[in-house]
2 protein chains.
Amino acid sequence: MPNDTPRARSKLKKVAARDKVASGRADKSLSKEVVVAAALTEIDRHGLDNFSLRNLAKSLKVFPTAVTWYVPGRGQILAEVVKLVLSDIMPPRFYDSWQHFLRLMFEGFRDTIRRHPNVAPLIGTQLIANQAIDFDFIERLLAALSHAGFTGQRLVWAYNIVVAGMVGFSTQEFAQLPSEGIKDWREDIKERLRGVPVAKYPTLVKNMSLLRNKAFTLRWQNGTDAPLDASFAAYVDVIIKGLEILAAQDNPT
Amino acid sequence: MPNDTPRARSKLKKVAARDKVASGRADKSLSKEVVVAAALTEIDRHGLDNFSLRNLAKSLKVFPTAVTWYVPGRGQILAEVVKLVLSDIMPPRFYDSWQHFLRLMFEGFRDTIRRHPNVAPLIGTQLIANQAIDFDFIERLLAALSHAGFTGQRLVWAYNIVVAGMVGFSTQEFAQLPSEGIKDWREDIKERLRGVPVAKYPTLVKNMSLLRNKAFTLRWQNGTDAPLDASFAAYVDVIIKGLEILAAQDNPT
DNA sequence: ACCTGAACACCGTTCAAGT
DNA sequence: ACCTGAACACCGTTCAAGT
């Protein structure tokens, strides 16, 4: 990113550093890291809808424009927050098998989202946040998939399948709750589920006790209060088994 | 939803209708449907970031508060927009097999997102938008999965796997582009991909020509300009094959 | 270099007033 | 019932001014 650091100063880092030393100033109270960390804390505490640069500045006890100096623009801040959240999803370097590798990676990603559910809506849906997953992560994943036998075009497929699958489930499991009127909204869902006519929706009604609040589109809580552990485990199994079959197919050249 | 129609009037529909007839008034220029349709048009044209109630009102040539009368609050409007977009994803009533059913469903969902990519960030990440998928859809999906042999707890798993899989890939494929500074942002990504050191990231560099702009987290365009057709097809295959294996496993009772 | 401080255009929502 | 119109508190960003 060309100007994700103080203004257009990115190419002048050495000069800036020298200036700082020369002037002997070490009284900087802010930094990009501090700003981003504070932003994450704000979002964790008060939700994405209530996040604003002004509230962030207030929490840092500075003027709103001081924040803008380190991270220019609201979008950049959110992108950096995603980056920070996903900075600890590094998959293991050693593993028993590529299946084992993927399993650990899926679980690690889910655990990370679980720690910061309010950030979930930003992940996967914003291309600017995609850079949050770094080259180390990508390299290890590609290496594991190569080890599974994927090469060339099929390696690309496998990579996309894994990333889409990894990000997709957990971001949906921890989907954002309505920011106001939650109580009424919840009651309304329960009411709707109670009133489903058995004649028109026999399979749904028959399995309602198993499905209610345990299945996508039939929930009034997200993964924080009603985790979908068993479904997630089955999901990971399905993707891995499917990949095994894909890996076993001949590689067309 | 208790008050998704004019104020707290929802239980008074008959009375209101009578009043309208009695007073002979048919000069309503707005309606909930008109408001939501206009909102979708605005989002399609100018993106989610530029959407506001005031711009919406301007496009309808009314005051901002007139909109609020039909759909109370910005969040409600967005939820209704998602509902409208997803109203045509109904899976087919007849099909050769449950595998065929799922294939058609996945493709239909992706086609729908492709038609309204700017809405993608709202789908799956907002619990309030989950009601967009109606009971007819759910019933047909559950019926197809029952036909595949899934019952009880495993039916719930299969349902969650399919919904998460269906929503996850396409919403990520059509992820939102940065709303400003796109040109610099794109150049920066390309620059970063050119500069990847082969010593540290051998697998990535080796497959770079296949991966760049064709793989998640390595793109500077979304599905609108750079569709991931082949990866999506492989993704659907993987999930279906995985489900076949899950279906074949014994149902623990 | 780093932050203050005022200013600007815009936002969603509330509330009173019209018809 | 349906919409106007003014008002309110808040927002992100720009730009000049301090040190």
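Chain letters run A, B, ... following the sequence lines, proteins first, then strands; residues in each count from 1.
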> Under a cut-off of 3.5 Å for both distances of each Watson-Crick or G-U pair, what dot-bracket string does DNA chain C give, using [ ] for crossing pairs and | for inter-strand pairs?
||.|||||...|||||.||
> How about A/Y235 and A/S170: does a side-chain donor come under 3.5 Å of a side-chain acceptor?
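Distance-only check fails for A/Y235 and A/S170.
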> About how many Å separate CZ of A/R115 and CG of A/D88, when rounded to the nearest 0.5 Å?
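CZ of A/R115 is found 5.0 Å from CG of A/D88.
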> Among A/L228, A/I189, A/D225, exactly one meets side chain to side chain contact (heavy atoms under 4.5 Å, CB included) together with A/R219. Which residue is that?
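Output: one option passes, namely A/L228.
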> Could you list all the salt bridge (charged side-chain N to carboxylate O under 4.0 Å, His left out) pairs where at least one residue sits in residues 117-128 of chain A, not counting sequence neighbours?
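Checked against salt bridge (charged side-chain N to carboxylate O under 4.0 Å, His left out) - neighbours excluded - no pair reaches residues 117-128 of chain A.
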> Return whichever of B/V62 or B/E180 has its heavy-atom-nearest nucleotide of DNA chain D closer to the 5' end.
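Upstream on the strand: B/V62.
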> Output all residues satisfying side chain to side chain donor-acceptor pair (under 3.5 Å) with A/T65, sequence neighbours left out; order by chain, then residue number.
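Listed in chain order: nothing, the list is empty.
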> Angle between ring planes, A/F106 versus A/F232, binned at 30° and 60°: parallel, tilted or perpendicular?
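A/F106 vs A/F232 ring planes: tilted.
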> Calculate the interatomic distance between A/F63 atom CZ and C/dC2 atom C1'; express it in whole Å.
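Whole-Å distance recorded here is 14 Å.
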> Separation of A/W69 atom CH2 from C/dC2 atom P, in whole Å?
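Rounding to the nearest Å, CH2 of A/W69 and P of C/dC2 are 4 Å apart.
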> Short of 4.0 Å, heavy atom to strand atom, which residues of residues 36-48 of chain B count as contacting DNA chain C?
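Going residue by residue through residues 36-48 of chain B, none turns out to have a heavy atom under 4.0 Å of DNA chain C.
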> Is A/T68 close enough to D/dG12 that one of its side-chain N or O atoms is under 4.0 Å from OP1 or OP2 there?
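For A/T68, the contact criterion (side-chain N or O under 4.0 Å from OP1 or OP2 of D/dG12) is not met.
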> Just jot down the side-chain contact (heavy atoms from CB on, under 4.5 Å) partners of A/T125, sequence neighbours excluded, or say none.
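Here the qualifying residues are B/P121, B/T125.
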> Looking at A/F135, does the NZ or CZ of B/R192 lie under 6.0 angstrom from its six-membered ring centre and within 45 degrees of the ring axis?
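Verdict for A/F135: a cation-pi partner in B/R192.
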> C/dG12 C1' sits how many Å from B/Q76 CD, rounded?
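B/Q76 atom CD is separated from C/dG12 atom C1' by 14 Å.
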> For A/S52, what residues pass the side chain to side chain donor-acceptor pair (under 3.5 Å) criterion, not counting sequence neighbours?
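A/S52 satisfies side chain to side chain donor-acceptor pair (under 3.5 Å) with A/N55 only.
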> Applying side-chain contact (heavy atoms from CB on, under 4.5 Å), name anything that partners A/D134, two or more places apart in sequence or on another chain.
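Here the qualifying residues are A/M90, A/D136, A/F137.
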> Detail all sub-3.5 Å separations between protein N/O atoms and N/O atoms belonging to nucleotides 15-18 of chain C.
none

> Sequence neighbours excluded, which residues qualify as side chain to side chain donor-acceptor pair (under 3.5 Å) partners of A/S87?
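Side chain to side chain donor-acceptor pair (under 3.5 Å) list for A/S87, sorted by chain: empty.
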> Quick one: side chain to side chain donor-acceptor pair (under 3.5 Å) partners of A/E42, sequence neighbours excluded?
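If we apply the side chain to side chain donor-acceptor pair (under 3.5 Å) test to A/E42, skipping adjacent residues, there are no hits.
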> Please give me every residue in residues 49-59 of chain A whose heavy atoms get under 4.0 Å of an atom in DNA chain D, ordered by residue number.
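Residues of residues 49-59 of chain A that come under 4.0 Å of DNA chain D are, in numerical order, A/S52, A/L53, A/R54, A/N55.
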> Once you round it to whole Å, what is the distance between C1' of D/dC10 and CZ of A/R74?
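Value for this atom pair: 13 Å.
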> Starting at CD1 of B/I77 and ending at C1' of C/dC11, how long is that distance when rounded to a whole Å?
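The distance from CD1 of B/I77 to C1' of C/dC11 comes to 13 Å, rounded to the nearest Å.
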> Which residue pairs pass the salt bridge (charged side-chain N to carboxylate O under 4.0 Å, His left out) test when at least one of the two sits in residues 118-127 of chain B, sequence neighbours left out?
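Qualifying pairs, neighbours excluded: none.
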> Run the salt-bridge test on B/E191 and B/R194 with the 4.0 Å N-O cut-off and return the result as yes or no.
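A salt bridge links B/E191 with B/R194.
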> Does B/Y70 have a side-chain nitrogen or oxygen under 4.0 Å from the phosphate oxygens OP1 or OP2 of D/dC3?
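Yes, such a contact exists.
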> Would you mind telling me which residue lines up with the more 5' stretch of DNA chain C, B/P64 or A/A66, judged by nearest nucleotide?
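Its nearest nucleotide lies further toward 5', so the answer is A/A66.
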